[in-house]
Amino acid sequence: MHRVEETLLAGDATDVAPDLLGMYLALGDRLVQIVEVEAYTMDDPASHSFRGRTPRNSVMFGPPGVLYVYLVYGIHHCVNLVTGPEGDGQAVLIRGGIVAGLARTAADGPGKLARALGVDLSWNGRSAAVFRAGRAPAMGVIATPRIGISRAVDWPRRWVATGL
DNA sequence: CAACAGATTCTCT
DNA sequence: GAGAATCTGTTGT
């Protein structure tokens with residue numbers, strides 16, 4: 001298992017997102033294998049960066065490899081990984097994963113994943129550590145329709161890993 | 001300053 | 001399948 005270079009995260013979110021599947025994210029003392037992701041870019045009406053830079057989404061316009069954490073519905077936190085060239089407003093939402101030592105259902109949604117990892121708003125802007133282990137032979141990748149949003153729902157920007 | 005929609009999840013039905 | 005919990009950024013008065 002070795003750390004992923006930051007240059008790898010500087011690619012477009014739509015390219016980086018599926019590549020992140022099967023990789024590991026080290027947050028604090030927890031390790032999570034990424035199973036479900038979704039890419040968000042400035043041209044996406046469902047993206048926080050769509051209407052330009054605001055105090056909340058400013059991290060999305062910073063350098064790649066940084067965490068963008070926000071609160072949705074006043075209750076749940078969502079964890080994103082900033083990607084793309086600095087200033088491009090791109091990020092990959094980590095929608096689901098497998099947390100070492102926890103049940104597989106503990107992080108099977110964006111909000112649940114943040115909770116399982118103990119991530120809250122104070123993590124916004126911190127740089128993330130992404131690791132890659134040997135490729136899982138049985139892993140497959142499928143693209144699926146987006147859910148939980150109301151705009152541009154059909155855009156093929158959500159990916160799920162199978163066989164993990 | 002007030003109103004409102006929202007990258008969700010859980011609890012019923 | 002529908003509704004509540006709960007708060008922030010954005011937009012309109």
Side-chain angles (χ1 to χ4, degrees), chain A residues 9-25 27-28 30 32-99 101-128 130 141-162 164:
Chain A
L9 300 174
D12 285 339
T14 47
D15 297 323
V16 174
D19 286 345
L20 286 174
L21 294 176
M23 291 193 194
Y24 296 82
L25 204 53
L27 298 176
R30 306 249 176 67
V32 58
Q33 185 175 28
I34 301 169
V35 174
E36 183 178 342
V37 294
E38 187 163 339
Y40 285 94
T41 52
M42 276 195 83
D43 59 342
D44 180 354
S47 172
H48 285 176
S49 60
F50 181 64
R51 293 170 208 289
R53 184 176 188 152
T54 66
R56 176 172 66 155
N57 66 23
S58 65
V59 169
M60 288 185 77
F61 293 85
V66 172
L67 293 175
Y68 168 46
V69 181
Y70 66 92
L71 191 62
V72 274
Y73 301 108
I75 299 179
H76 305 286
H77 296 281
C78 289
V79 182
N80 298 249
L81 199 51
V82 176
T83 69
E86 182 165 352
D88 252 33
Q90 300 187 28
V92 174
L93 170 65
I94 312 299
R95 296 191 54 93
I98 302 170
V99 181
L102 297 184
R104 284 180 88 91
T105 56
D108 59 356
K112 294 175 74 174
L113 180 137
R115 192 181 59 187
L117 293 173
V119 171
D120 59 22
L121 285 181
S122 70
W123 289 72
N124 188 40
R126 293 200 204 179
S127 71
V130 181
V141 174
I142 57 175
T144 77
R146 303 203 289 179
I147 57 175
I149 57 176
S150 56
R151 292 176 293 224
V153 173
D154 309 352
W155 291 27
R157 293 192 169 193
R158 175 170 170 245
W159 295 270
V160 180
T162 60
L164 291 177

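Residue numbers begin at 1 in each chain, while the letters A, B, ... track the order of the sequences.
Taking a pair as Watson-Crick or G-U wobble with both distances under 3.5 Å, the runs of three or more consecutive pairs in DNA chain B are B:1-6 with C:7-12, B:8-12 with C:1-5.
Looking at residues two or more places apart in sequence or on another chain, you find a salt bridge (charged side-chain N to carboxylate O under 4.0 Å, His left out) between A:D108 and A:K112. For the side chain to side chain contact (heavy atoms under 4.5 Å, CB included) test, residues two or more places apart in sequence or in another chain that qualify with A:S122 are A:D120, A:R126. With sequence neighbours left out, A:D19 forms a salt bridge (charged side-chain N to carboxylate O under 4.0 Å, His left out) with no residue at all. Checked against side chain to side chain contact (heavy atoms under 4.5 Å, CB included), A:A13 has the following partners two or more places apart in sequence or in another chain: A:A39, A:T41, A:T83, A:Q90, A:V92. A:A143 meets the side chain to side chain contact (heavy atoms under 4.5 Å, CB included) test with A:W159; sequence neighbours excluded. Every residue meeting the side chain to side chain contact (heavy atoms under 4.5 Å, CB included) condition with A:R56, not counting sequence neighbours, appears here in chain and number order: A:H48, A:T54, A:Y68, A:Y70. Residues that satisfy the salt bridge (charged side-chain N to carboxylate O under 4.0 Å, His left out) test with A:R146, not counting sequence neighbours, are A:E38, A:D44. For A:T144, the side-chain hydrogen bond (donor to acceptor under 3.5 Å, both in side chains) partners are A:R158, not counting sequence neighbours.
Distance check, rounded to the nearest 0.5 Å: CG of A:L9 to CG of A:L20 gives 6.5 Å. For the atom pair CG of A:L67 and CG of A:L27, the computed distance is 5.5 Å after rounding to the nearest 0.5 Å.
Counting heavy atoms from C-beta on, the side chains of A:D12 and A:P85 come closer than 4.5 Å. Using a 4.5 Å cut-off on side-chain heavy atoms (C-beta onward), A:V160 and A:V141 make no contact.
Bounding nucleotides for the chain A contact on DNA chain B, 5' to 3', at a heavy-atom distance below 4.0 Å, are B:dG6 to B:dC10.
Contact check of residues 73-94 of chain A against DNA chain B (heavy atom, cut-off under 4.0 Å) returns A:Y73, A:H76, A:N80, A:L93. A heavy atom closer than 4.0 Å to some atom of DNA chain B occurs in no member of residues 153-162 of chain A.
In terms of position along DNA chain C, the nucleotide closest to A:L71 lies nearer the 5' end than the nucleotide closest to the other residue of the pair A:G52 and A:L71.
Residue A:R146 is classed as having no contact, given no heavy-atom separation below 4.0 Å to the nucleic acid. At the heavy-atom level, A:R53 lies nowhere under 4.0 Å from the strands shown.
Tested against A:C78 for a side-chain contact (heavy atoms from CB on, under 4.5 Å), the candidates A:L71, A:V72, A:L113 yield a single pass: A:V72.
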